[in-house]
Amino acid sequence: MTEYLTRLNQAQREAVETLDGPLLVLAGAGTGKTRVLTTRFAHLLLTGRAYPSQVLAVTFTNKAAREMRERVSAILGRPVEGLWLGTFHALGARMLRAHAPLVGLSPNFTILDTDDQIRLVKQVMEAGRLDTRRWAPPAMANIIQRWKDRGLTPERITAAEDTDFAAGQGRAVYAAYQARLKALNAVDFGDLLLQATELLRSNPEVLAQYHHRFRYILVDEYQDTNVVQYLWLRLLAQARRNICCVGDDDQSIYSWRGAEVENILRFEHDFPGAKIVRLEANYRSTAPILAAAAALIAHNEGRLGKTLRPGRTDAEGEPVTVVSLWDSDEEARMVGERIETLRRDGHALAEMAVLVRAGFQTRAFEERLITLAIPYRVVGGLRFYERQEIRDAIAYLRLLVQPADDLAFERVINVPRRGVGEVALRGLHEAARAQDVPLTVAAARLIAEGGLRGKAKEGVAGLLRDLDRWREGLARDGHVAATATLLDESGYTAMWQQDKSPEAPGRLENLKELVRALAEFETLGGFLDHVALVMENEEASAGDRVSLMTLHGAKGLEFDTVFLPGWEEGVFPNQRALDESGAKGLEEERRLAYVGITRARRRAIISHAAHRRIYANWQDSIPSRFLEELPEEQVARAGSAALARDQRIAAPSVFAGNAPLVARAPRTIEAWEARSRPARADAIPVGSRVFHQKFGYGTVTAVDDDRLDIAFEKAGAKRVLDRFVEKA
DNA sequence: TCTGAATAGCTTTTT
DNA sequence: GCTATTCAGA
């Protein structure tokens, strides 16, 4: 019966069997975190400590939730029902729906996506006479989101915390935005947790009910939790204190969206008497890969401290390779060639990945892989519900459920074209605001009073009539039939059928998929929640393909071979991360590098190019400081510079018709380095004030050979080659 | 209401 | 260099 326990190592077993009291499991990359979490879950059930419905299990992504559900079922040998297992947001939504009136919502509230959220913020800002060209609504929406992440309702924001943004009107915009949400009976993603937390905070009887229910709490990826998530968990855990959080402070890479590494660093303090178990045996990677990752991350401060050690007996392997290249084209060629070679040697493409810092970097590799006819897939991109046609269709459905959903009304009023333009819409808005009613009501009154004319009148009246009819159909024939009718009668399907663009057939296909998915739900409301919170793209990427993705997207995945291109100052570590968050930003970039390296099972190939085209022009790039932090003995430096020189000298760049490339003096890495090497007679000491052509004036904060860290007055902190600056 | 030209701005991303 | 958004004019 406890056979599943024998498959664990000592530390894992301890993490599984310590059932009572607060427990923090520090799980390094590849140390069997998911196995521990799922085994612990199953163990709770199998030992009779709890029924499935008495365990609260929280993840960040739907994928992680699905995986946990499947693996727990596998251990139990049967599907588990009645679980409170899901993402923070899905569980928050579930609680809110159950007690909506207590926070001033009705249970059929709408969940707005980021797009709706920004549109609403923009409307609120415009109503407050703020210049939305000077103050970008997406930035304002982001500020509000961060406030929500920190558990701050508008009332809790002190004047000191209000930003300079929006002329000090931030708080006011936030308050007005919340008022609009309430009027629309809607919540945004942040509210799912903020309001759920408010609910528990101000309704002790509700909280007590959940205390009674949840005997055990499991939390995945604890290092990624933000303040509200932490508060929500703490409220739920405070009575029984049976909370187990699993995470890795070294893999915290989401601070920019509100995650607080401090949550994990403070666990012992928050839950006195907490036990801490470290999982350090790595079963994924070879010894050189682990050594490289460990050496790199050791440069960070404020870690809880964990050392990955090889957990496999066959852990020897090839060294981590660092390849220096002339330019970004050569880098793409190098990656392409190595992939070809590996493929020829029988390695599966699905076991190779190219991990980049930023999305735009994938393009160079895509182009290269296309010319080489190597199948690939780009992971990430639009989610199912972010597609235009899906959002339109959902807006129609939302209107059926909630006639007061103004955002949905605005979205579909002129899609397909009904002759209702900006002018007519403004009229509707004014009437609605004056009478304090939803747009649909205002529209009906306006038509009755003759306030609309011509095409606009016909269009609006027609839609209102149709909506009523579809709503009757919904009650009579059920949501599947009603949706099919709606898409047909609204002319929405016809609109895409007439569209000649190459995407149109795919969009129609997606609409069919939507109706198919709809059939799996009992109610329209349940389906809308599913689409907003859960539904993902079917990965139409079956087959043996190389994966291209961002480092963020790669977290939690593993591959035999991992390519890590673009390790250059400014790209990685990313300049903006350094500008905005300084030393903290640098540490997070370093954790990202750590995540990247630890994705590799057998091979990691890191590269940097001396020249890179950024937007319009070519720029010299200096190697990332992270390269210097790798342990020399575990790394093979494989500059293809010599090869590059031979090729270039033998065949001067006739292809590159652009003169600059030919004319640029040093054409090899060595020559380029030689040019930059000659020790300057007039060395620039720390503290010097210097001038840089592009970045202006600054002060040298550190000197490393020919590299200078400079705090520029305008451009912020950067690392540049000394030959680019002069003493001021 | 719709179209084409001008213009700003450009990490990472789940829900 | 590309693209998403905004503005002027038909």
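Throughout, protein chains are lettered first and strands after them, A, B, ... in sequence-line order, and every chain is numbered starting at 1. Worth saying up front: this structure is predicted, and the values here are computed from it rather than measured. In what follows, every heavy atom counts, from backbone to side chain, and hydrogens, waters and symmetry copies are set aside.
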In this structure, how many angstroms lie between the P atom of B:dC10 and the CZ atom of A:Arg612, rounded? 20 Å
Figure out the NE2/P separation between A:His552 and B:dT13, and round it to whole Å. 7 Å
Check every strand shown and say whether A:Gly190 touches a base, only sugar-phosphate, or nothing at a heavy-atom separation below 4.0 Å. nothing
Tell me, please, which residues at least two apart from A:Tyr230 pass ring-ring contact (aromatic ring centres under 6.0 Å, His included). none
Rounded distance (Å) that lies between atom C1' of B:dT15 and atom CD1 of A:Ile111: 9 Å
Starting at atom CG of A:Asp115, determine the distance to atom C1' of B:dT15, rounded to an integer number of angstrom. 14 Å
How would you label the contact of A:Ala577 with the nucleic acid (heavy atoms, under 4.0 Å): base, sugar-phosphate, or nothing? base
Judged by each residue's nearest nucleotide on DNA chain B, which is more toward the 5′ side, A:Ala424 or A:Ala358? A:Ala424
Would you call A:Arg333-A:Glu330 a salt bridge at under 4.0 Å N-O? no
Using a 4.0 Å heavy-atom cut-off, does A:Gln117 contact any base of the nucleic acid, only the sugar-phosphate backbone, or nothing at all? nothing
Relative to each other, are the rings of A:His611 and A:Trp326 parallel, tilted or perpendicular (30° and 60° limits)? tilted
Separation of B:dT12 C1' from A:Tyr594 OH (nearest whole Å): 20 Å
Separation of B:dT14 atom P from A:Asp220 atom CG, nearest Å, is 16 Å
Against the side chain of A:Arg257, the closest entry in B:dT15, B:dT13, B:dT12 is B:dT13
Under a 4.5 Å cut-off applied to non-hydrogen side-chain atoms, are A:Glu221 and A:Tyr254 in contact? no
Sugar-phosphate, base or nothing in reach of A:Gln145, heavy atoms under 4.0 Å: nothing
What is the separation between atom CZ on A:Phe360 and atom P on B:dT12, rounded to the nearest whole Å? 8 Å
How many Å lie between CZ on A:Phe109 and C1' on B:dT15, as a whole number? 13 Å
For A:Val420, report the nucleic acid contact type (base, sugar-phosphate, nothing); a contact means any heavy atom under 4.0 Å. sugar-phosphate
Would you check if A:Trp256 stacks with the base of B:dT12, given a 5.5 Å centroid limit and a 30° plane limit, both strict? yes
I'd like the P distance from B:dT11 over to C:dA4, given in whole Å. 14 Å
Choosing from B:dT13, B:dT11, B:dT15, which nucleotide comes nearest the side chain of A:Thr550? B:dT13
Only counting residues at least two apart or in another chain, list the ones meeting ring-ring contact (aromatic ring centres under 6.0 Å, His included) with A:Phe626. A:Phe572
Nucleic acid footprint by protein, nucleotides 5-10 of chain C - heavy-atom cut-off 4.0 Å, B for base, S for sugar-phosphate alone: -SS---
Have a look at A:Gly92 and say if it touches a base, only the backbone sugar-phosphate, or nothing, with a 4.0 Å heavy-atom cut-off. nothing
Look at the side-chain N and O atoms of A:Arg576 and state whether any lies under 4.0 Å from the OP1 or OP2 oxygen of B:dT11. yes
Is a side-chain N or O of A:Arg146 found less than 3.5 angstrom from the main chain of A:Trp256, in a donor-acceptor match? yes
For atom C1', what is the distance between B:dT12 and C:dT5, given to the nearest Å? 23 Å
OP1, OP2 of B:dT15 versus side-chain N and O of A:Asn62: anything below 4.0 Å? yes
In this structure, which one of A:Val219, A:Leu218, A:Leu91 forms a side-chain contact (heavy atoms from CB on, under 4.5 Å) with A:Leu56? A:Leu91
Taking only N and O in the side chain of A:Arg417, is any of them less than 4.0 Å away from OP1 or OP2 of B:dC2? yes
Before accepting this row, confirm whether a basic side-chain N of the pair A:Lys148/A:Asp188 lies closer than 4.0 Å to the acidic partner's carboxylate O. yes
Residue A:Asn414, side-chain atoms from C-beta onward, closest of B:dT15, B:dT11, B:dC2: B:dC2
Atom CZ of A:Arg234: over 12 foreign heavy atoms under 6.0 Å: no
Check the phosphate of B:dT14 against A:Thr87, side-chain N and O only, distance under 4.0 Å to OP1 or OP2. Yes or no? no
